Amino acid sequence: MAKTKDIKANSGEKVRSPWRIAWMRLKRHKLAMVSAYILIVMYLSVIFAGFLSPYHMHTTQRNNYLQPPSKIYWKDENGKLSRPYVYAMKMSDPMTQEYQEIRDKKFYVRLFTRSDDPRNTWDLLGIKSNIHLYGARADDGEEGLIFIMGSDDYGRDYFTRVLYGGRASLFVGWAGILITLTIGMLFGGISGYYGGWIDNIMMRVAEIIMSIPSFYLLLALAAVLPRDISSTMRYFMIVSILSFISWAGMARIIRGMVLSIRTREYVQAARAIGSSDMRIITKHILPNTLSFVIVSATLSIPGYILGESGLSFLGLGIQEPDASWGNMLSSAMNLQTLAKSPWNLLAGVFIFAAVLCYNLFGDGLRDAFDPRSKL
Amino acid sequence: MGAYILRRLLGLVPIILGISLLAFAVMNLAPGDFLTVLRMNPENSPETIEQMRASFGLDRPLYEQYFRWLFQLLRGNFGYSFTYRAPVSFLIKTRMFNTLLLSVTSMIVSWLFAIPIGVISAVKKYTFIDGLLTVFAFVGISAPAFFVALLLLYFIATTRFANLPIGGMTSIGFDWMTFPEKVVDLARHLVVPTIVLGFGGVAGLMRQMRGNLLEVLRQDYVTTARSKGLSEGKVIWKHAVRNAINPLITIFGFQLGGLLSGAALTETIISWPGMGQMMLEAVQRKDIYLAMGNMVMGAVLLILGNLIADVLLALSDPRIRYQ
């Protein structure tokens, strides 16, 4: 003992905990760090959706459905630089859903602008306001429409709905993984620690759930949800359903880890010097599963995001008029809408981006925790 | 080996029982049944409804309904579909063929692409090509199948690419076609769903193949083969790849389950008459026997897939012995 201390004192090197080493490795993993930053930006954006978007997700403009993205002009008719502005748009032919710009009035893009429409008031944890990051207004004070990603088939701003819808789609992962981890660790921990017939029965139960193709089970469970419950309640039920179909896999993985760690020498040593079961579990077994649990939790968040969007896409998840990235895509199922208004596919790009970032970040995390990897 | 398979099959009995119980419980959790919808139609008199209720056995207590269904199930009778007015086993049989056709085609396509790509990625480790293929893999793993399907439909709808059909499994005049025409027609309809389902499959498999091959290339026998003076192509394809493929066989079982689930959304988007699409209709209309039958058959397919994978693994790898 004394000798190792000497060596450390001589080399002047600080003792680094495994967590610190993992963090340092993660920081060197460029792709994972970039993904993490993108995810942080995404989460912050959806939290402050009310302020960042010009309207509210329920605000409809009946005459402006499926309007293409507003063109923002930087130069006036004479080619001179001008404050950025947009023109109002009007449907010229309802059959082909063609839009034309009305060039007689310019609506200037304004920052930190207040909307006149009370429908656009946002509410974040009790703070209410009608000030938005941007909006369009003519010099005579008339408020104009600015749809930077176009509008959907009810005339709602697509960008606003992307931000609000992201709340449902992004947080479903966190809520789901929290429930799954709790059940999975409890179930897998008990099963692995006690073994024998308890383990046998518990693992058969997990196997039953894993044997049914997960999307079939998901469909059956989602169809059970009553139509007339509040959207908060519905959201909670969807998260529960998603966790119900995924806890079994997590429980099996944790059981396997507990089984193998239980027989390791350091656990036996701890038992030999008289540590209690509780101490062994909390000080020796759980910390050793933790890095693995964190990695697999990160890598399974995309599953929840995809599950929610799949359900909402089919009309079984988040219901209109509330937005989710999944149900925003369902209007693209209509071939005419798809061909004429391809911006209705943008929600899919956001799902893809979030899932990709989680996968890249999870991959980096796994490398960072892996003692064999030479990062 | 025979004894092992028999033991595995026997072990399935409690699992299948559990699955049937779970399927039954889930479908009966919901308030109301199929008749609730019919009752709203004023054309159906209360007597007719009561008659139907009795003929479907919906007036019995739940446990009795379960056991009646279970005993019929054991005889291969899956019950009667309320909405299609046809036996569930008949409906599932045709739909299962369609879903398997789709899943197996995309599985074959994904294996055909994934193995060479994975080998290239491993052999050219840390080069530009490897980086490009890795990006491709992450994109493929992360792209939601239904989004890829929509993108592909958009692409075909706007460019009329090769005049590919956009939905369904066959063209309208399918029944009057000659056999070769039928094959071509079916193949053309298969292109879009195969690309959608195969895309994700290639990405996942390719990463596995790359990892396995890198592991094998570190083994002593590869060094031996190289030092014997064998060509690099021979070392890789004859010695390394064969050993690296083995662990992939286990994935085959998982892949089948994943494909069944993934196919459900794709089937709905391109209206492919498969099990997933029927499952969605069944749960929406509370056609409980159809939904329960679908879940049980889906589970049987998944379990058989895993069993076949285990047997194949034992056949291909002499180190694995099942007693």
Side-chain angles (χ1 to χ4, degrees), chain A residues 31 35 201 204-205 207-226 241 244-245 299 302 305-307 309-311 313-316 325-326 329-330 332-333 335-340 342 344-345 347-360 363, chain B residues 11-12 14-19 21-23 26-32 135 138-139 141-148 150-151 153-154 157-158 166-167 256-265 268-269 275-276 279-280 282-286 291-292 294-296 298-303 306:
Chain A
L31 218 48
S35 307
I201 290 178
R204 288 298 91 73
V205 172
E207 245 169 76
I208 287 170
I209 293 183
M210 288 170 73
S211 298
I212 301 183
S214 57
F215 203 76
Y216 291 10
L217 190 57
L218 196 60
L219 283 181
L221 284 166
V224 163
L225 296 184
I241 290 172
F244 179 76
I245 60 161
L299 286 174
I305 297 177
L306 291 176
S309 46
L311 275 185
F313 177 71
L314 293 174
L316 292 169
W325 289 345
L329 273 177
S330 42
M333 267 236 255
L335 266 183
Q336 204 202 342
T337 311
L338 182 66
K340 284 270 173 206
N344 278 287
L345 284 171
V349 176
F350 287 91
I351 301 175
F352 168 65
V355 170
L356 182 63
C357 286
Y358 268 117
N359 280 334
L360 288 173
D363 201 57
Chain B
L12 287 183
I15 304 247
I16 302 256
L17 276 179
I19 290 166
L21 190 62
L22 181 64
V26 168
M27 285 318 291
N28 283 285
L29 268 178
V135 171
F138 272 104
V139 167
I141 294 168
S142 308
F146 64 104
F147 180 53
V148 177
L150 287 174
L151 280 181
L153 286 190
Y154 173 67
T158 48
I166 274 173
L256 188 65
L259 274 175
L260 286 179
S261 288
L265 271 168
T268 316
I269 295 172
M275 280 171 90
M279 181 73 195
L280 178 65
V283 298
Q284 277 171 340
R285 298 182 188 168
K286 299 227 181 314
M292 294 190 302
N294 245 328
M295 274 192 267
V296 172
V300 168
L301 279 184
L302 215 164
I303 292 170
N306 279 326

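Below, chains carry the letters A, B, ... as their sequence lines are ordered, and counting in each starts from 1. Note that the structure is a prediction, hence the values are computed from the model and not measured.
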Problem set entry | Greatest number of heavy atom pairs closer than 4.5 Å to chain B - which of A:A347, A:A332, A:G315, A:P213 | A:P213
For this session: Pick one of side chain, backbone, both or neither for A:L316, based on which atoms fall under 4.5 Å of a heavy atom in chain B.
Result: side chain
Seminar exercise, completed: By ring pair (Phe, Tyr, Trp, His ring centres under 6.0 Å), B:F138 pairs with (sequence neighbours left out) none
Exercise. Between B:L22 and chain A, which part of the residue has a heavy atom less than 4.5 Å away: side chain, backbone, both or neither?
Worked result: side chain
Exercise. How long is the span from the CG atom in A:N344 to the CG atom in A:L329, to the nearest 0.5 Å?
Worked result: 8.5 Å
Exercise. With chain A, which of B:P144, B:A145, B:A157 has the greatest number of heavy-atom pairs at distances under 4.5 Å?
Worked result: B:P144
Seminar exercise, completed: From the list B:V283, B:L17, B:L21, the residue making the most non-hydrogen contacts under 4.5 Å with chain A is B:V283
Exercise. How would you list, by chain and number, every residue that makes a side-chain contact (heavy atoms from CB on, under 4.5 Å) with B:L265, sequence neighbours excluded?
Worked result: A:F215, A:F313, A:L314, B:F146
For this session: Report yes or no: does B:T268 contribute a side-chain atom to a donor-acceptor pair with the main-chain N or O of B:A264 at less than 3.5 Å?
Result: yes
Exercise. So what's closer than 4.5 Å to chain A heavy atoms on B:I303: side chain, backbone, both or neither?
Worked result: side chain
Exercise. Quick one: are B:I19 and B:M295 in side-chain contact, heavy atoms under 4.5 Å?
Worked result: no
Exercise. In Å, rounded to the nearest 0.5 Å, how long is the span from CG of A:L345 to CG of B:L151?
Worked result: 5.5 Å
Problem set entry | Heavy-atom contact with chain A under 4.5 Å, split by part of B:A143 | both
For this session: Quick one: which of A:L31, A:L219, A:L218 has the most heavy-atom pairs under 4.5 Å with chain B, could you say?
Result: A:L219
Exercise. Of the backbone (N, CA, C, O) and the side chain (C-beta and beyond), which part of A:V205 lies under 4.5 Å from a heavy atom of chain B, both, or neither?
Worked result: neither
Problem set entry | A:L221 versus chain B, the contacting section by heavy-atom distance below 4.5 Å | both
Problem set entry | Minimum heavy-atom distance B:Y154-A:A339, with the two atoms named | CE1-O, 3.9 Å
For this session: Heavy-atom distances under 4.5 Å only: say whether B:M292 touches chain A with side chain, backbone, both or neither.
Result: neither
For this session: Check whether any side-chain N or O of B:S142 sits under 3.5 Å from a backbone N or O of B:V139 as a donor-acceptor pair, and report yes or no.
Result: no
Exercise. Tell me, side chain or backbone of B:V300 under 4.5 Å from chain A's heavy atoms, or both, or neither?
Worked result: neither
